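Report on the structure given below.
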Amino acid sequence: MTNNCSNLYLLSAAACKLGECLEEEELERLSSDLRTLGYLIENMIVHKTECEKRKE
């Protein structure tokens with residue numbers, strides 16, 4: 001099992017810096033876009049896994 005604390009620190013630092021640089025509306029748009037990206041990646045992983053199971 002790996003320790004993901006370094007990822008949390010990196011993400012926290014990135015969020016803080018973005019919060020310093022972007023207006024609230026820009027942060028809301030970025031947050032929405034990143035959430036959508038996450039959903040799309042999750043969807044691709046599910047489809048890839050299903051396709052690999054069918055090949056077996």
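What's counted below: heavy atoms across the whole structure, side chains too, no hydrogens, waters or symmetry copies. All values derive from a computational prediction rather than experimental measurement.
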Residue pairs passing the side chain to side chain donor-acceptor pair (under 3.5 Å) test with at least one member in residues 25-42, sequence neighbours excluded, are Glu25-Arg29, Ser31-Arg35
Spacing of CG belonging to Asn7 relative to OG belonging to Ser12, to within rounding of 0.5 Å = 12.0 Å
Does Leu18 belong to the same Ile/Leu/Val/Met/Phe/Trp/Tyr cluster as Leu10, with side-chain heavy atoms less than 4.5 Å apart forming each link?
-> no
Residue pairs, two or more places apart or on separate chains, that pass side chain to side chain donor-acceptor pair (under 3.5 Å) and touch residues 45-56 | Asn43-His47
Counterpart residues, salt bridge (charged side-chain N to carboxylate O under 4.0 Å, His left out), relative to Glu20 (two or more places apart) = Lys17
With the 4.5 Å side-chain cut-off for hydrophobic clustering, are Leu34 and Leu40 part of the same group?
-> no
